[in-house]
Every structure is written in structure tokens, then in C-alpha cells.
Amino acid sequence: MRNLSIYLTLLGVMIIWGLNVSAIKILVESFPTILIQAVRVFMAGIVVFIALGVMKKLRKPNKKEYVYIVFGGLLNVTAHHLFLGLGLSNTSAVNGGLILGMGPLLTALMAILFIGTRLTMVRSIGFISGGIGIAFIVLGGGEGLSGISLGDLYVFLSILAQAASFILISMAAKTMDPRLLTGYMLIFGSVVLIMVGSVLEPEGIINGLMNATLVQWLILLGSAVFATALGHMVYNHAVGKVGPAETSIFLNLNTFFSLLGAALFLGEKVTSFHLYGLIFIIIGVLFGSGALEEIQLRRRSAKNVA
């Protein structure tokens, strides 16, 4: 019960993140892909530092924490948002959202490899089920292997980088408030992203933003403030409190809401293959992230108490 408020807050974050997939899809189709991601994330970093200043949580990192900031920023911000932007500009929001649903499985796998989480038969079944779900998504269009788009691969690399960063965040949380770590990572990662975008997209973004419509500005601000700034502050705080694998369970809801957003706001078609993929991903998340084992353990404990 003590984590109930965290779980309810995470539910709200998943709603915002799910709908944010459609928002990013709109932005990357309207502006230079990498640079609009960099601007969006940099704005989010500023918002995080303002919030932390009000909360009086600002402080200078120590030498070890700088390592977490650099590598966390490169993974959680630069790589994640770079590949996410490139991916969504080359695939549908439906496909992108479903592939992002692999986040819990990848995070659990990283936890097994790097922080000693135990690999069980149940979790192995989860990994297999998640892989089947992704196969339905990227191969279900009737085109076989040729149906896999480069955008799908980019989105997968995006969530892989983010999953790895959650392990770093859980390690850094022993000495540093994850919300403060979030602010530093957003600023550092977005600056690197701006440098990458300046080379790959020399046309720049200033003129595009000057000519942006009110709706585009609202989407940009909403995505930066609510999804990236506040969303990542809350999520990374939860990672530090209840663990990366346990928190990642909620990313499955991100998948559901991204499907809903793509259908409502972008008019994208949700096919039976997408639904089959979603079912296998849900099974994979429940088994692979350890959620099913935790439920069984609590039931046994309740019976023993009774």
C-alpha cells in the first residue's frame, strides 16, 4: 500500500507518454527530425531545473555522479530521442508505440545481466512471448521480412537505449535524487543532440519554429513540459524507489495509450496483427518483468498470514 501513490502517478505518466507518441510523430513530420527532438528535450530540461529550484533540490554532482549523468544522458536522452525521432519519421505511430512496449522486457533483461536479477523459467517465457509480439507487429503486414522498416529498427534501438539507462538510474539513485539526475541528463543529452542535429540537418530549425502554427507550438510545449520534463521526473523517481524492472511493468500501459492516440488523433489503422502483437507483449510483460511472480508471492504470503 505504501507504493500505491507511486503506482497511480505512474498510470498518469503512461497516459501522457502513450499520447506523446502521436505528438512526436506530428512534430518530426513538421520540423527537422533531430533538431526538433533536441529543442523539445532542452526545453524539458529547463522546466525540470525550475521545478527542482522551487523544491530546493538543486546541488552540484560529485565526480562519480558526473559519470552517471554523462552515460545516462547519452543513453536516456541523446540515443533514445535521436532514434525515436528517426524511427517515428519512418514508421507509423501504431508500430512505434507497440515496439516501445518492449521496454519492460528489455529493462528486465538488463536487470538480469547487470544488477543480478534472477532469470527464471517464467521470465524466459516472457521474453519469448514478447519477441513473438514484436514479430506480429513488424511482419504482420503480409510482406514478410521485406515488411520490416528501418523506422521499426530505430524505434527498437530507442527503447533499448532507454532500458539500459534505467539500470544506470537505479544505481545512481543510491546517492543522487533521480529527479535531479533527470534534469542534468536532459540538458547534457539535448546539447549533444543539438550538435548531432546541426551536422545532419544543416537547414536548421529556427525558420521552422518562427513559422509554426499555434497548434504546433502547443504540441511542442505540451510534449516538452508534461511528457518529457514532468513525466521523466516522476518515472525516474519511481525507478529509484521501487526498482527498474518493477517500474517498467507500467510501460505496457504506454503501449495501449499510444495505440489509442494513433487511432484517435492520426487516423492510423489498428489491424488484427497489431492486436495479436499487443496480446503477446502483455503476456511477455507480465511474465518477463516479474509481475506474475510477485503476485504469486504476495498470495502465498497472504495465505501464510491467514
Please enumerate all residues that pass side-chain contact (heavy atoms from CB on, under 4.5 Å) together with [X], with sequence neighbours excluded.
X    : answer
I219 : A23, I26, L27, V215
I46  : F42, I50, I187
L75  : A161, A164, S165, L168
K64  : N62, Y68

Sequence neighbours excluded - salt bridge (charged side-chain N to carboxylate O under 4.0 Å, His left out) pairs with any residue from [range]:
range            : answer
residues 9-32    : K25-E29
residues 204-218 : none
residues 161-185 : D177-R179

Reported [atom1]-to-[atom2] distance for the pair [X] and [Y], which is rounded to 0.5 angstrom:
X    : Y    : atom1 : atom2 : result
D152 : T91  : CG    : OG1   : 4.0 Å
I169 : Y235 : CD1   : OH    : 8.5 Å
I34  : L200 : CD1   : CG    : 4.5 Å
M233 : T228 : CE    : OG1   : 13.0 Å
M195 : T78  : CE    : OG1   : 8.0 Å
M55  : L52  : CE    : CG    : 6.0 Å

Which atom names give the shortest non-hydrogen contact between [X] and [Y], and what distance separates them?
X    : Y    : value
S22  : A262 : OG-N, 3.3 Å
S158 : L84  : OG-CB, 3.4 Å
I69  : P61  : CD1-CG, 3.5 Å
A224 : M43  : CB-CB, 4.0 Å
W217 : L209 : NE1-O, 3.2 Å
M14  : F257 : O-CD1, 3.8 Å

Between [X] and [Y] (side chain of the first, backbone of the second, donor and acceptor by atom type, cut-off under 3.5 Å), is there such a pair?
X    : Y    : value
N236 : H232 : yes
S223 : L220 : no
S170 : I167 : yes
W17  : S258 : no
S129 : I283 : no
T33  : G85  : no

According to a 4.5 Å side-chain heavy-atom criterion applied to Ile, Leu, Val, Met, Phe, Trp and Tyr, with indirect links allowed, do L218 and F31 form part of one hydrophobic cluster? no
Using the rule that Ile, Leu, Val, Met, Phe, Trp and Tyr join whenever any side-chain heavy atoms are under 4.5 Å apart, tell me whether L266 and I15 fall into a single cluster. yes
Test side-chain hydrogen bond (donor to acceptor under 3.5 Å, both in side chains) applied to S198 - qualifying residues, sequence neighbours left out: none
Just to verify, which of L186, L82, I194 counts as forming a side-chain contact (heavy atoms from CB on, under 4.5 Å) with V41? L186
I would like to know whether R40 and I36 meet side chain to side chain contact (heavy atoms under 4.5 Å, CB included); could you show each step before the answer? CA-CA 6 Å; R40 187 179 65 83; I36 192 60; 5.5 Å; no
Report the C-alpha distance between Q37 and L193 in whole Å, list the side-chain angles of each, state the deciding distance to 0.1 Å, and finish with yes or no for side chain to side chain contact (heavy atoms under 4.5 Å, CB included). CA-CA 8 Å; Q37 286 285 76; L193 204 54; 4.1 Å; yes
Could you go through T182 and H237, starting from their C-alpha distance and side-chain angles, then the distance that decides it, and tell me whether this counts as side chain to side chain contact (heavy atoms under 4.5 Å, CB included)? CA-CA 9 Å; T182 299; H237 177 68; over 6 Å; no
With sequence neighbours excluded, what pairs up with E201 under the salt bridge (charged side-chain N to carboxylate O under 4.0 Å, His left out) test? none
For Y66, check ring pair (Phe, Tyr, Trp, His ring centres under 6.0 Å) against everything at least two apart and list the hits. none
F49: what forms a ring pair (Phe, Tyr, Trp, His ring centres under 6.0 Å) with it, not counting sequence neighbours? Y184
Residue pairs passing the ring pair (Phe, Tyr, Trp, His ring centres under 6.0 Å) test with at least one member in residues 72-107, sequence neighbours excluded, are F83-Y154
With a 4.5 Å limit on heavy-atom distance, are the side chains of N76 and Q162 in contact? yes
Quick one, L19 and F265 - any side-chain contact, counting heavy atoms below 4.5 Å? yes
Salt-bridge contact K60-E65 (side-chain N to carboxylate O under 4.0 Å): no
If you apply the rule side chain to side chain contact (heavy atoms under 4.5 Å, CB included), what do you find for M210 with I206, and how did you get there? CA-CA 6 Å; M210 293 295 292; I206 300 300; 4.2 Å; yes
